[in-house]
Amino acid sequence: MKYDFAAIEKKWQDKWEEAQVFRAGNDYKKPKFYALVEFPYPSGSGLHVGHPRSYTALDIVSRKRRMQGYNVLYPMGWDAFGLPTENFAIANHIHPKEVTKKNVARFKDQLRSLGLSFDWSREINTTDPDYYKWTQWIFLKLFEKGLAYKTTMPVNWCVSCKCVLANEEVVNGVCERCGSEVVRREKSQWMLKITEYAQRLIDDLDLVDYAERIKIQQKNWIGRSTGAEVDFKTTENDILRIYTTRPDTLFGATYMVISPEHPYIEKWSGKIKNISEIEAYRETAVHKSDFERTEIAKDKTGVKICGVSAINPVNGKEIPIFVSDYVLMSYGTGAIMAVPAHDTRDYEFAKKFDLPIVEVVKGGNIEKEAFVDCETGVMVNSGFLDGLSVAEAKKKITEYLNEKGIATPKVNFKLRDWVFSRQRYWGEPIPLVYCEKCGWVPVPEDELPLRLPEIGSYEQTDTGDSPLAKITDWINTKCPKCGGSAKRETDTMPQWAGSSWYFLRYTDPHNKSTLASKEALEYWTPVDWYNGGMEHTTLHLLYSRFWHKFLYDIGVVPTKEPYSKRTSHGMILGENGEKMSKSRGNVVNPDEIVKEYGADTMRLYEMFIGDFEKAAPWSASSIKGCRRFLERTWALSDSVASGDCYSAKNEAILHKTIKKVGEDIENLKYNTAIAALMTLLNSFYENGVNRAEYNTFLKLLNPFVPHITEELWSIPGNMEMLALSAWPAFDENKTKDEEVEIAVQLNGKLKATVRLPADSDEKTASDKALSDERVKAALSSCQIVKTIVVKNRIVNFVVKPL
RNA sequence: GCCGCUGUGGCGGAAUGGCAGACGCACUCGACUCAAAAUCGAGCGGGAAACCAUGUGGGUUCAAGUCCCACCAGCGGCACCA
């Protein structure tokens, strides 16, 4: 019989669906396993070959865990709000809802065709009002607890489209769509206080099992630094507060810099002699786009404030104050003490403006460059700190400043609050109402979801407001508090909102009265294993951890962390080794692969392609090897002998393979698990195979290639589905071969190999080695000094010439 | 600039400090065929060999792809965070 993958795959997909095989039970007594992959954005271009890499990997884990008796939840849904859909809607005058519906249908067909064991009864969609009701509800809770606030923020503004752009739409400083200049413009935006959770987001990384690179990236993004705020007196007799991580270098502070946005410029305006120059500088700095700011980052600019200076508190010296945009108002206090000898930026600035550079830590060459890595140096030119190590100086100066009451220890974070507003249509409406009398008032809970109104045009207004701002009968409403006339917020939420809590909804997706029942959350959370792309490490992963912690704080969820374990897969690149993209013309369409080779081959190949965590280029010829393996698996089914226990010839390799495949699946080593299965098949071809052996092989192979194995399992008359059968067990004692081949080395260089019984003692091994002709010959001209034997591995003779 | 990752055959890649190149692709030869494809069998880092080979140069060790130090190259992320 021919291996007719198309018919087989269709047959089993239908059977699984009909029998609801992958439905997660609500049997809360069974051990559970919650596997999660990032739900896709259903784009118009359909599934990418990258999607199945992640989905197949956790499908394999899920299928194995089911066979091991777990109650497995492996859900799927749609992160369907977002820009491309909206842009498509604008261009084609179709409602984004319709676009989404079509794209979801296509994605779902494509996913179904891959035989992924998702529980489709729990499918969710972030654009479904029954879903976003709870996204809005969480937002209202954040608002209620003071974690949502409105503030004026610079946004990206395209001068030609006259609209606000998301960061993703700004490419190399210009508008992605029209190529025109993008400038900064102030706009009032809703913000979420993620910074309030910064410390906990770092600390609780200790509670979870994330790949180390993910933890490091999160920590870097949050960017904690410890230092002190120090007060400098000025000639105006007021206090300029700065932040520094290096109070020990205070004697080297030869000038100060404040940010162009610093409020003291106004405060001192009467005293500043060159105020017009300062204001002109400030104007240009404020209006620079982010792109311009970074473009000219190498070249420092600034203006000296004439008329006001500061006093260095340790030596009483009067030092000048500059305004420069290399100091950011949004970090620390917006003012710094500049220590050019030990900071590269200060050094550059000092060189340009010809300011004194005073070395305070010995060891560098400050004629040439700033000496920054000076943690092990010794203090100089620093009065009472001279001769101390940097660490000692830090301690002493801190005590000194504390005593004088001009310094306080301070921790700062790079992490900023989350800009939560989008001036767009296709997102969750922010459920707030503005009343002249009562201010911002939440839409009452029983009025949620606040639905998106039906409108005809999805473009922003000329002022960059959301298209919702044009719907006057939607905007104008009554204040829920006082009943007076009020206006709805017209901004919508960012795409990150719906994806920040979706994993909770899967546990109880149809619940009408709460986002998920207590019992469901108690049982299913936290997610046991979450796999996704590295590109989501800093935003999505951080945002969802933040929301989860907030929900924990208000008693909605039972765990501090949403995900016990997080892994990430590498990208699948085009055949030329570059990222797949339409413009590079190297995109592989998964539909065509499934059509030509079948879903099983596609799955197997994507798992065999290389190290799961690393990027790997697609290869049209390599996939044939995977297909060949399945053909050989199929062909062998005709020559299976009877037998209900393992034969002596195959016993050891079977136990070994069961062990290896099981361990490799848990350790993301799918490629070597498949290699072991290929080796096993080769061994069957060599030694013959019986029914018991072939059945074990099918079980091990099933999570990888579920359709063909299910078919081969059913052919001899098995009524129970393979997917529901028990995962094979192995016996550690039987994983060992009776005889082993060991290497014989002279001074670590291979001279021969010898065979001997497994676990032979050192004497037996070295005697056997010594009796080998090649070893004898090699030893004839030298003397053995020492013999090293590693059991079942090597015998190494350490020798010297006679 | 900073952070992270990666350098192993023609290619994808294997190797708890213990026989480098498992498994697969490509390729070569042979069988089958009128022929080709498919399939099956054999070979496949370099070198005649001694030996030499895991980006480069040092080091630790009886033994290094693996550990340490210093470089070089590529990829990804961040970007004036005091």
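Below, read A as the first sequence line, B as the second, and so on, with proteins coming before strands; counting in each chain starts at 1.
In summary, Lys352(A) and Glu348(A) do not engage in a salt bridge, as defined by a charged side-chain N under 4.0 Å from a carboxylate O. Salt-bridge annotation for Asp761(A) and Lys763(A): absent, with no side-chain N of the basic residue lying under 4.0 Å from a carboxylate O of the acidic one. A salt bridge is absent between Lys791(A) and Glu762(A): the closest approach of a Lys/Arg side-chain nitrogen to an acidic carboxylate oxygen does not fall below 4.0 angstrom. Here Arg241(A) pairs with Asp231(A) in a salt bridge; the nearest charged N to carboxylate O distance falls below 4.0 Å. Using a cut-off of 4.0 Å between Lys/Arg side-chain N and Asp/Glu carboxylate O, Asp248(A) and Arg246(A) are scored as salt-bridged. For Lys776(A) and Glu773(A), the salt-bridge test passes: some basic side-chain N is under 4.0 Å from an acidic carboxylate O. A salt bridge links Glu38(A) with Arg566(A): the distance from a Lys NZ or Arg NE/NH1/NH2 to an Asp or Glu carboxylate oxygen falls below 4.0 Å.
Counting any heavy atom pair closer than 4.0 Å across all strands shown, Ala635(A) reaches no nucleic acid atom. Lys215(A) comes within contact range of no nucleotide atom at all, as no heavy-atom separation falls under 4.0 Å.
Distance CG (Leu680(A)) to P (A22(B)): 18 Å, rounded to an integer number of Å. The CG-P distance, from Leu636(A) to U39(B), rounds to 16 Å in whole Å. Separating the CZ atom of Arg416(A) from the P atom of A79(B) is a distance of 10 Å, rounded to the nearest angstrom. Atom CZ of Arg224(A) and atom P of C3(B) are 19 Å apart (whole Å). C78(B) atom P lies 11 Å from atom CD of Glu535(A), rounded to whole Å. His536(A) has its NE2 atom 17 Å from the C1' atom of C78(B), to the nearest Å. Atom-to-atom, CG of Asn671(A) to P of C11(B) comes out at 18 Å; the value is rounded to the nearest Å. Between the CD atom of Glu575(A) and the P atom of G12(B) there is a distance of 12 Å, given to the nearest Å.
C29(B) and G76(B) have their P atoms separated by 40 Å, with the value rounded to a whole Å. On the P atoms, G21(B) is 12 Å away from C44(B), given to the nearest whole Å. Using atom P as the reference point in both G17(B) and G12(B), the two lie 25 Å apart (nearest Å). Taking atom P on both nucleotides, U6(B) is separated from G10(B) by 23 Å, rounded to a whole Å. Comparing G74(B) with C80(B), their C1' atoms sit 27 Å apart, to the nearest whole Å. Nucleotides G46(B) and G41(B) have their P atoms positioned 24 Å apart, rounded to a whole Å. A50(B) and C27(B): their P atoms are spaced 31 Å apart (whole Å). Remark: the separation of the C1' atoms in U66(B) and A79(B) is 34 Å, to the nearest Å.
Annotation: Lys656(A), atom NZ; neighbour count of heavy atoms from other residues, nucleotides and ligands within 6.0 Å is above 12.
With A82(B), G4(B), G13(B) as the choices, the nucleotide that has an atom nearest any side-chain atom of Ile216(A) turns out to be G4(B). If you check U6(B), G4(B), C19(B) against the side chain of Lys614(A), the one that comes closest is U6(B). Considering only the side chain of Asp325(A), C80(B) comes nearest among C80(B), G12(B), A82(B).
The stretch residues 755-781 of chain A has no heavy atom under 4.0 Å from RNA chain B, so no residue of it qualifies as close.
When the side-chain nitrogen and oxygen atoms of Ser225(A) are compared with OP1 and OP2 of A82(B), one or more of them lie within a distance under 4.0 Å. For Lys751(A) and C51(B), the shortest distance from a side-chain N or O to OP1 or OP2 is below 4.0 Å.
For residues 211-221 of chain A, the set of pairs meeting the salt bridge (Lys or Arg N to Asp or Glu O under 4.0 Å) definition, not counting sequence neighbours, comprises Arg213(A)-Glu613(A).
If Gly332(A) and Ile742(A) are placed on RNA chain B by their nearest nucleotide, the residue sitting closer to the 5' end is Ile742(A). Residues Arg213(A) and Ala616(A) both approach RNA chain B. Their nearest nucleotides, taken by heavy-atom distance, put Arg213(A) toward the 5′ side.
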Every protein N/O lying under 3.5 Å from an N/O of nucleotides 23-30 of chain B:
| unit_1 | atom_1 | unit_2 | atom_2 | d |
| --- | --- | --- | --- | --- |
| G24(B) | OP1 | Asn682(A) | ND2 | 3.1 |
| C25(B) | OP1 | Arg628(A) | NH1 | 2.6 |
| C25(B) | O2' | Ser621(A) | OG | 3.0 |

Give me, pair by pair, the N or O atoms of the protein and of nucleotides 58-64 of chain B that are less than 3.5 Å apart, along with how far apart they are.
| unit_1 | atom_1 | unit_2 | atom_2 | d |
| --- | --- | --- | --- | --- |
| C62(B) | O2' | Asn796(A) | ND2 | 3.3 |
| C62(B) | O2 | Asn796(A) | ND2 | 2.6 |

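With a 6.0 Å cutoff to the six-membered ring centre and a 45° limit on the axis angle, Arg632(A) counts as a cation-pi contact of Tyr685(A). Remark: Lys300(A) fails to qualify as a cation-pi partner of Phe349(A) under the 6.0 Å distance and 45° angle criteria applied to the six-membered ring.
In RNA chain B, runs of at least 3 stacked Watson-Crick or G-U pairs (N1-N3 plus N6-O4 or O6-N4, or N1-O2 plus O6-N3, all under 3.5 Å) give these stems: B:1-7 with B:72-78, B:10-12 with B:23-25, B:27-31 with B:39-43, B:55-59 with B:67-71.
In this structure, Leu750(A) and Ala743(A) approach most closely via the heavy-atom pair CD1-CB, 3.6 Å. Considering every non-hydrogen atom in both Ala370(A) and Pro340(A), the closest pair reads CB-O, 3.8 Å.
Checked against the 6.0 Å centroid criterion, the rings of Phe322(A) and Tyr255(A) qualify as a close aromatic pair.
Within 90° of 0 lies the glycosidic angle of G9(B), which makes this nucleotide syn.
One N or O donor and one acceptor, one from the side chain of Lys300(A) and one from the base of C80(B), sit under 3.5 Å apart.
Every residue two or more places apart in sequence or in another chain that forms a side-chain contact (heavy atoms from CB on, under 4.5 Å) with Glu578(A) is listed here: Asn576(A), Arg584(A), Asn586(A).
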| message | Evaluate Ile319(A) against Met256(A) for side-chain contact (heavy atoms from CB on, under 4.5 Å), listing each step before the verdict. | response | CA-CA 7 Å; Ile319(A) 54 177; Met256(A) 309 201 61; 3.6 Å; yes
